[in-house]
Amino acid sequence: MTEVAEMPALELDDLQIRKPLPRETAEPLAREIYALKKQLNAVILAHNYQIAEIQDVADFVGDSLGLSQEASRTNADVIVFAGVHFMAETAKILNPNKIVVLPDKDAGCSLEESCPAPKLAELQRTNPNFWTIAYINCSAAVKALCDVICTSGNAEKIVRAAPKNKDILFVPDENLGQWVMEQTGRPMTLWKGNCYAHVEYKRDTILSLKAHFPDAKVVVHPESLREVRNLADAVASTEKMITYCKTSPAKRFIVVTESGIIHRMQKECPGKEFVCTPAFNAMRLPTDHCRCSECKYMKMNTLQKVRDCMKNLAPRIELPPEILQRARLPIERMLQISAAKIENAG
Ligand code: 13P
Ligand code: SF4
């Protein structure tokens, strides 16, 4: 029997997102955070997957590209990065002299874990003609070994800008890599990594949702499997998913990514409805609350931990000087290519 055949029927009542913190807990914490922000001259950057309460106290909420761009131009003395470790590291690489804190030092990423720097260096030695493009979801040590970084928001543009005489090695997300190959027609060697959360979305789940909501548009993050991407009306980074929902005339959307994104979608698209896709694993496990998909790393951050990391100025991102220096060039290259107007690039 296949995995999909074992899946229980969809219960639409379960497609709800996490309940917000009670106001009496959230409001005093938010007040403390605003006071600390002033006192420290801090900026709070939050990823689209963070819980609603964190997004609401942030100065900027966005995707990995938007967050890197914000980090590259901030005048703040302290950067509070409400996201995962590799994102805070990127902010530190762009701001070596600033203090960068993140609410939970263990907020990692399965993609980052899949690609240890020594293993990448070993593969790179097998072909001196490799041009290594690293998805930003990797460690600073991996970034230091690469030619250029990309995010899901600019991957297509970065691949199109790669030197034509080079062999592209794309790390660490094979699904994003596969999608970019489909878009650009450029062959690439793909590292075999994936996002543990996005590969849990299955074709049958989406088909079942589409049958329940025939009027809905399907928006999918490119870290998802090809079988799921093939059912999409739009495949896009988290920021572009929000823009798609804002600008589309459709009134209902099936959202195939981490459920934290629904907060901004609801805020910025009044009158529209968002259906959160359950992950296959979540559907098999009996649960008394939310069955939509959450990234366990992104959800390690809480409002209390945001307050505490500002109070203690810890956990703090520290990196060896040579890594800081070597990882900066591929990130700056990405920011430059991203800002440039290139014909036919995404
Ligand atoms: P975005 O850059 O599209 O926000 O994606 C980040 C991420 O970790 C997706 O899982
Ligand atoms: Fe990493 Fe996936 Fe979590 Fe994004 S959703 S931070 S890719 S584990």
Using links of under 4.5 Å between side-chain heavy atoms of ILVMFWY residues, direct or through other members, which residues join L225 in one cluster?
V199
Flag if over 12 foreign heavy atoms under 6.0 Å of NZ, K98:
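Enclosed.
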Might you confirm whether atom NZ of K119 has over 12 heavy atoms from other residues, nucleotides or ligands at distances under 6.0 Å?
no
Listed partners of S338 passing side chain to side chain donor-acceptor pair (under 3.5 Å), at least two apart
N154
Examine the side chains of T257 and H198 and answer whether a donor and an acceptor come within less than 3.5 Å of each other.
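The criterion, which ignores hydrogens and geometry beyond distance, is satisfied for H198 and T257.
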Distance-only side-chain donor-acceptor flag, T238 / Y49, under 3.5 Å:
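Per modelled atom types, T238 and Y49 side chains form no pair under 3.5 Å.
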Closest non-hydrogen atom pair, M298 against Q50
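So the two residues come closest at O-NE2, 3.2 Å.
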Distance-only donor-acceptor pairs under 3.5 Å for side chains of residues 161-170, two or more places apart:
from : atom 1 : to   : atom 2 : distance (Å)
K164 : NZ     : R160 : O      : 3.1
D167 : OD2    : N127 : ND2    : 3.0
D167 : OD2    : N129 : ND2    : 3.4

Show me the donor-acceptor pairs within less than 3.5 Å that the side chains of residues 320-328 make with the rest of the protein, sequence neighbours left out.
from : atom 1 : to   : atom 2 : distance (Å)
R328 : NE     : E332 : OE2    : 2.8
R328 : NH1    : I93  : O      : 3.2
R328 : NH1    : L94  : O      : 3.3
R328 : NH2    : E332 : OE2    : 3.1

Could you tell me if the side chain of C138 sits less than 4.5 Å from the side chain of F86, heavy atoms only?
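Side-chain contact under 4.5 Å: no.
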Which atom pairs, donor and acceptor, lie under 3.5 Å between side-chain atoms of residues 171-178 and protein residues at least two apart or in another chain?
from : atom 1 : to   : atom 2 : distance (Å)
D173 : OD1    : N175 : N      : 3.0
E174 : OE1    : K192 : NZ     : 3.4
Q178 : OE1    : R229 : NH2    : 3.1

Donor-acceptor pair, distance only, cut-off 3.5 Å: does the side chain of N48 make one with the backbone of G260?
no
Give me each pair satisfying side-chain hydrogen bond (donor to acceptor under 3.5 Å, both in side chains) with a member in residues 25-34, each pair once, sequence neighbours excluded.
R23-E27, E32-R307
